[in-house]
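Below you'll find the structure, written out as structure tokens, and then a few comments.
Along the sequence shown, residues are numbered consecutively beginning with 1.
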Amino acid sequence: MIAPPDPAFLDAHVTRGLEDESGRHCAKLVLGDHVPKPGDVVMQSNDYLALANDRRIAEAKAKALLHYGHGDAISRVFAHHRDDPHRRFEQRIAKLTQGEDAALVMSGYNANVGLIEAFAAPGSPVYLDIRAHASLWSGVSCGRAAAVPFRHNNADDLKRKIAQSGPGLVVIDSLYSTNGKIAPLADIISVAEDGGCVIVVDETHSFGTHGPDGAGLVVAEGLAEKVHFRTVGLSKAMAARGGVVIGSARNIEFYRYEALSMIFSTSVLGYEIAGFDKTLDIIAEEPERTKRLHSNHAYLRDGLAAEGFEVGESDSQIIALVTGANSATKAFRDALAKRGVFGSVFLPPATPKNKSLIRFTVNAGLYREDLDRTIAACAEARDELGLKPGASPCLAEAA
């Protein structure tokens, strides 16, 4: 098949995002580049608890699929019966997270976009931590609200912004996906309360890995009764697809029938919910997975720090090495890949310009030898590329 030629404005727009005339993007491993092979250390997945290939979860889903079929792929607005797998799971999540109610949606992205869109009035301020997930910013655009960014994890800056613009939604992540930093929840919530704001916390990266039975950081810090909404993407510790919005029964009822991403998306299928339930069972029954995750993170973070890498922002399971420009990022990525170590490449718009990074997502399935290999590979790659000794890669370009 032959595609039509692109108009000049489209060609220019796409060209700006590609690395070279071959049409290759820096984030993509193409034929001829290194790809992971058995025995390599791969820290690209968000499968924090190493559950993605757990046979027990697969068997639970297979049993439900064979017994009930996959169910109707319809919008949840047409499903009003009370006793169905979706509703039971929503009630289970609400109980686990100490919320009144919950709504199950197709993805964490849908959960965030739909939440902001449904509850932020057009033109009203939405205060977002500058590193809040892209889906939260998209929700502001969809709801035609006014995005008011504040400095990362800075309650004082948030207080100043609220004083200037008045009550609105305060939107943060509890654990940030680009740097592994945990939010100062109590401080942010206190400022939001004083300013008469609605508090929204995205718990995608802390659900399953923090708090009792994986309930998240809000519960772990005893703040559930102070947070109006929490969202969860089920693609991280749960190793599945789907999303959840948690809030008061009244607000969740409103969300179900007002959020466009809820109305105009098909529901999660019934057999997938059987997998969710089994995954929650395993998280509760095997707390050693969470302990091993955090132990692995601390070991890798401290080992990289001992080699001079700047990893001080990382509080939990996500470690970012800022590599700077796209060219330096590609060179560092390829140098690691040659040594059998693979992280995820983050580029603009996921990062600011010239602050691209390699992200290592630690998981419970890694062994000490994997972590030692990663530490050694990072040090060797830095030296091979002629970066400043003892510095984060971002402080110098590849020679």
- Item | Cationic N near anionic O, under 4.0 Å, Glu253 to Arg250 | no

- Task: Count the heavy atoms of every other residue, nucleotide or ligand shown that sit under 6.0 Å from CD of Glu225, and state whether that count exceeds 12.
- Result: no

- Message: Under a plain distance cut-off of 3.5 Å, with no hydrogens placed, do His133 and Thr204 share a side-chain donor-acceptor pair?
- Response: no

- Message: Are Val201 and Val140 connected into the same hydrophobic cluster when the rule is that any two of I, L, V, M, F, W, Y join if their side-chain heavy atoms are below 4.5 Å apart?
- Response: no

Could you pull out all donor-acceptor pairs under 3.5 Å where a side-chain atom in residues 121-132 meets a protein atom, sequence neighbours excluded?
from	atom 1	to	atom 2	distance (Å)
Ser124	OG	Ala121	N	3.2
Ser124	OG	Ala121	O	2.6
Tyr127	OH	Gly166	N	3.3
Tyr127	OH	Gly166	O	2.4
Asp129	OD1	Arg131	N	2.8
Asp129	OD1	His152	ND1	2.9
Asp129	OD2	His152	ND1	3.3
Asp129	OD2	Asn153	N	2.6
Asp129	OD2	Tyr176	OH	3.2
Arg131	NH1	Glu313	OE1	3.2

- Message: Walk me through whether Leu371 and Phe360 qualify under side-chain contact (heavy atoms from CB on, under 4.5 Å).
- Response: CA-CA 11 Å; Leu371 304 176; Phe360 294 136; over 6 Å; no

- Crowding at CZ, Arg144 (>12 non-hydrogen neighbours, <6.0 Å): no

- Message: Check this for me: Arg160, atom CZ, are more than 12 non-hydrogen atoms of other residues, nucleotides or ligands nearer than 6.0 Å?
- Response: yes

- Query: How far apart are the closest heavy atoms of Phe229 and Gly247, and which atoms are they?
  - Reply: CD2-CA, 4.5 Å

- Candidate pair Leu280 and Phe89, rule side-chain contact (heavy atoms from CB on, under 4.5 Å), full reasoning: CA-CA 10 Å; Leu280 288 181; Phe89 181 73; 3.7 Å; yes

- Item | Side chain Glu193, main chain Lys226, donor-acceptor under 3.5 Å | no

- Message: Any non-hydrogen side-chain atom of Ile358 less than 4.5 Å from a side-chain atom of Val345?
- Response: yes

- Does Leu366 offer a backbone N or O that forms a donor-acceptor pair with the side chain of Asn296 under 3.5 Å? yes

- Message: Has Thr323 got a side-chain atom pairing as donor or acceptor with Ser356's backbone, closer than 3.5 angstrom?
- Response: yes

- Leu65: hydrophobic cluster co-members (side-chain, 4.5 Å): Leu269, Tyr271

- Message: Is there a path of hydrophobic side-chain contacts, each under 4.5 Å between heavy atoms of I/L/V/M/F/W/Y residues, joining Val227 to Ile246?
- Response: no

- Item | Glu90 bridged to Arg87 by N-O distance under 4.0 Å | yes

- Quick one: do Leu223 and Ile93 end up in the same hydrophobic cluster if we chain Ile, Leu, Val, Met, Phe, Trp and Tyr together by side-chain heavy atoms under 4.5 Å apart? no

- Query: Any ion pair linking Asp187 and Lys159 (charged N to carboxylate O, less than 4.0 Å)?
  - Reply: no

- Message: Is a donor from one side chain sitting under 3.5 angstrom from an acceptor on the other, for Tyr109 and Ser138?
- Response: yes

